[in-house]
Every structure is written in C-alpha cells, then in structure tokens.
Amino acid sequence: MSLSNETIKIIKSTVPVLEVHGATITKVFYENMLTEHPELLNMFNEVNQKEGKQQQALANLVYAAAQNIDQLENVLTKVQLVANKHRGLGVKPEHYPIVGKYLLLAIKEVLGDAATDEIMNAWEEAYGLIAQVFIDIETKMYQETADQNGGWDGFKDFIVTDKVKESDVITSFYLKAKDNKELANYKTGQYLTVRVTIPNEKYMQIRHYTISAAPGTDTYRISVKKEIDCTPNGKVSTYLHDLVNVGDTIEASAPSGTFILEESNRPITLISGGVGITPMISMLETLSSKQSTQVINFVHSARNHSVHAFHDHVSGLVSALPNAEYTYGYSDLNSANQGDFSGYLTKETLEQAVKENTICYVVGPVPFMKHVANLLSELGLSEANIRYELFGPAQDILEEISI
Ligand SMILES: Cc1cc2nc3c(=O)[nH]c(=O)nc-3n(C[C@H](O)[C@H](O)[C@H](O)COP(=O)(O)OP(=O)(O)OC[C@H]3O[C@@H](n4cnc5c(N)ncnc54)[C@H](O)[C@@H]3O)c2cc1C
Ligand code: HEM
C-alpha cells in the first residue's frame, strides 16, 4: 500500500497541528478506548496511563511515523523497540483497528471542524500504513518466538523454584516452566514479560523484568526491586516480594528486548544504578562463562550498602576474569560503608573506566541515566558507543537524553 502525494502532503502539514494538541488528543483517545474496551486494561499498565507517559509515547511515535510517512525506514529502530514490548505484552493484529478507531475519533473530537473529511481520510490511510509496519514486524516476531527451541506463543505458566534475597530491596525469583519443557533461549540483556493476577485487583497486571542471569540454564532468574519508597507502593513488585513464594505460579511470555550484549572484542563498561544492575549481572555472567579476555569495567552506584545487590557475586566474577575491574559507590553520604566513590558517579571515576572505543551499557533510574549520559558526552564518547535501557516507557526519555 502506498499513499498518494496529496495524502502525504496533508499528513505532513497536519502533524505539527496535532502535536500542539498532543496531550489532549492522547488523553481523549485512551479514556474513550479503555472505557469502551476495558478488557485492554489487562494489558496496559494503569500507572503509565495515569501518568500519561505511555499515551504520549504512542502518540509521539505515530506523529514521528506520520512525519516520515514517505520514508518509514527512518523510524524503524523505534518501531523495533516498541514491537519487542508489544510482542511480550501480546499485542495482536486485531488490536490495531481498535487503537486506530479511537485515535482518529480523538483527533476529530479535539480538532472539531478543522478536521475536514479530507484530513480525516488521509489520517485513516496513514494510520493503516503505520499499523501495517508494526503488524508485519510483530507477526514475524511471534512466529520466530513460537518456532524457536522451547518457544511458545503468548503467556505460559512458570513455577517459582527458588526465591533469594539479594539486598534489603531486591529479591531474585527462579522460574521453571510448569510444563517442564525446555526453555526458550534468550539473548543476554533481554527481559521477561510477567503477568500476575493479584488478589482484589480487577485486571491482570503485566510488567517487564530483565533476566538477571546468563543464558543456558533450565530456569529464568528475575531480580525484582520492591517499590515501597513511593505512594502508592508498586503493585507487582510488592505482590511478588510479599505473596509469591517457592511453588507458586506466575505467567510469562517468551524473552524479548533490544538491549543486548553485543559480540565484540572491544572494551566494555557496564554502568548501572540501583536495580539497573540486573542486565549487567546477566552480561557479566555471560562474559565470565566465556572467560572473556576483554577489558571489562563494572561500575555500580547504589544508595547505600544495604540496598546494594549482588556485591559478592560481582566481586567474585570480576576477580576471576583477567582484565576486569569493579568500581562501586554509594550516594548516601552518611552511609557507614563507602565504596570506591561517594555521592553520585563522577567524571573522574568514569574516566578510568571508559576509553574512546569502549562500548558502554547504561541502566538505572532516569536521573542517573541523564547524569551518566552527560558525563559520557563530556568524556567525548560517541553516542554510537552507548546502549541504554529504561525500566519504563522508553521513547521520550531516550529522546530527552538525546540518543
Ligand atoms: C525493559 C524493562 C526491564 C525491567 N527490568 C526490571 C528488573 O530487572 N527489576 C525490576 O525490579 N524492575 C524492572 N523493570 C521495572 C518493572 O517492569 C516495573 O515497572 C517495576 O517493578 C514497578 O512495578 P510495580 O507494579 O511494582 O509498580 P507500579 O504499581 O507499576 O507503580 C510504579 C510507580 O508508579 C507510582 N504510582 C502508582 N500508582 C500511581 C498513580 N495512580 N499515579 C501516579 N503514580 C502512581 C508508584 O508509586 C510507583 O512509584 C523493568 C522495566 C522494563 C520496561
Ligand atoms: C501504530 C500503532 C501503535 C503505536 C505507534 C504504538 C506505540 C507504542 C509506544 C511508543 C509504546 C511505549 C513503548 C515503550 O517505550 O515502553 C507502546 C507501548 C504499549 N503499547 Fe503500543 N503502539 C501502537 C499500537 C498498539 C496497540 C494496537 C496496542 C494494543 C491494544 C498497544 C498496546 C501497548 C501496550 C499495552 C503498551 C505498554 C503500555 C504500558 O503498559 O506501559 N499498542 N506502544
């Protein structure tokens, strides 16, 4: 399907108008869609809706795609990231017309008479084209996921075989397929999308958790931070910590994600803040299992010693590798135990761990990621050498960090 020059012209000239009304359109769109299709609340994270982050992310990507409607390859990297999330969540082709319908209705409702039939027809066509790009990529992903050894379609049951406290706030859960089948392999750095039914909650809750161990075992390990320094407490993390024990069942879809340890001999620096350590553990374990001779720097920042997870494990792995270093520090200045640095990660610390051709992997809370992004830029590291993962809706924040 291709659009006429006239339709392309209309789309490109209306994107800026829609962006001006962006927040209102997305609010109306989601409210109407979720009121009339409450079953979708089993899939959408209520918190991300309330904060408006996800609506905005979706709308921004629609606008970016519309702006590039005659060269959609310009937005394919973003589409890939979202398609991975969609695949984990279970977004299917039949969902696209629903989103399209309410998005178009919202555009009409907000723009009123300014949204002429001509404009609305052009947008209907453009949405169809954009949706098809997602559907094609996701259909292929579903197929590949189901066809791989140990692969499966949608969600399936896992039994918790072990539950291990890693720090005062982070606990690991080891998951084994209930059907005892072989597990689908994953790439180091990928996440598992977990679905739980919490007592007294009307809808199922879905969250993503990085697989915090190297591939190649008969379990998936996820390591979850209990979100209790906030109001209200995090639903799923609190449920997992407090109510899910060895022998219990949770559902998960097959591993997904684009934040992956790349095969290379270049120096690697793994930089994490707080629970952002989870993919870094998987990466370090993978490098360790290969007895990598690469230059590896593991840099971690935690609030204090009591919430610092995997410390002994990292020390052990690093000391067994020939060219690996471990640097850690605590942001609580009055913490009794201070690591290699105090307060926030400094440029001096990173300078030791990052050379011109280093590949940096960065994960942590948003302020931490912004701080590290600034430091890496001050150190002159090219953006092409930095990989980021965000533990929440990613698009907009990644753009803010200007990647
Ligand atoms: C790719 C990826 C990988 C991830 N990997 C990990 C991992 O390895 N380990 C890990 O622990 N986490 C990980 N996460 C984060 C995880 O998916 C969850 O977001 C996290 O566990 C919080 O979920 P929750 O249900 O406990 O909290 P939620 O209930 O979703 O709440 C989250 C926050 O929103 C606030 N909130 C709740 N309700 C409202 C409201 N009505 N209005 C405003 N604010 C509200 C809460 O106070 C809390 O601060 C990852 C996320 C992604 C996207
Ligand atoms: C062309 C249409 C669509 C676009 C451009 C789009 C875009 C996005 C974007 C940008 C995100 C945020 C990803 C992230 O960074 O975390 C997202 C997440 C999501 N999308 Fe889509 N999407 C589309 C269609 C759909 C459809 C049809 C559904 C299913 C009804 C859907 C369900 C979801 C869900 C459940 C999330 C995660 C929300 C959350 O819980 O945070 N999307 N989408």
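Both counts, for ligands and for their atoms, begin at 1 and track the order of listing.
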Report the C-alpha separation of Glu227 and Ser237 in whole Å, then their side-chain angles, then the decisive distance to 0.1 Å, and conclude whether the side chain to side chain donor-acceptor pair (under 3.5 Å) test is met. CA-CA 6 Å; Glu227 298 290 349; Ser237 60; 5.5 Å; no
Salt bridge check: are [X] and [Y] linked by an N-O gap of less than 4.0 Å?
X      : Y      : value
Glu144 : Arg87  : no
Arg303 : Asp229 : yes
Lys165 : Asp168 : yes
Lys226 : Asp242 : yes

Run the contact test for Leu240 against ligand 1 with a 4.0 Å cut-off on heavy atoms, strictly below, and give the result. no
Judged by non-hydrogen atoms, does Gly257 sit under 4.0 Å from ligand 1? no
Can you find an N or O of [X] that's nearer than 3.5 Å to an N or O of ligand 1?
X      : value
Thr210 : yes
Tyr191 : no
Val224 : no
Thr238 : no
Leu390 : no
Lys85  : no

Using heavy atoms and a threshold below 4.0 Å, how should the contact between Asn45 and ligand 2 be classified: side chain, backbone, both, or neither? both
The answer for which part of Val82 has a heavy atom under 4.0 Å from ligand 2 is side chain
Proximity winner for [atom], if only heavy atoms of [options] are counted:
atom                    : options                     : result
atom 31 (C) of ligand 2 : His86, Gln132, Met33, Lys85 : His86
atom 20 (C) of ligand 1 : Phe259, Tyr209, Phe391      : Tyr209
atom 26 (C) of ligand 2 : Leu390, Val99, Val79        : Val99

Under 4.0 Å from a heavy atom of Phe134: give me the atoms of ligand 2 that qualify, with their elements. 1 (C), 4 (C), 5 (C)
Atoms of ligand 2 close to Tyr127 [distance to a heavy atom under 4.0 angstrom, numbered from 1]: 1 (C), 2 (C)
Over 12 non-hydrogen atoms of neighbours within 6.0 angstrom of CG in Asp147: yes
Could you report the tightest heavy-atom contact between Leu321 and Leu287, atom names first, then the distance? CD2-O, 4.1 Å
Which heavy atom of Thr197 sits nearest to which heavy atom of Tyr239, and what is that distance? O-OH, 3.6 Å
I'd like to know if the side chain of Thr358 reaches the main chain of Cys360, judged simply by a donor and an acceptor atom lying under 3.5 Å from each other, with no hydrogens or angles considered. no
Pair Phe310 and His300, ring centroids less than 6.0 Å apart: no
Region of Glu389 that comes within reach of ligand 1 [heavy atoms, distance under 4.0 Å]: side chain
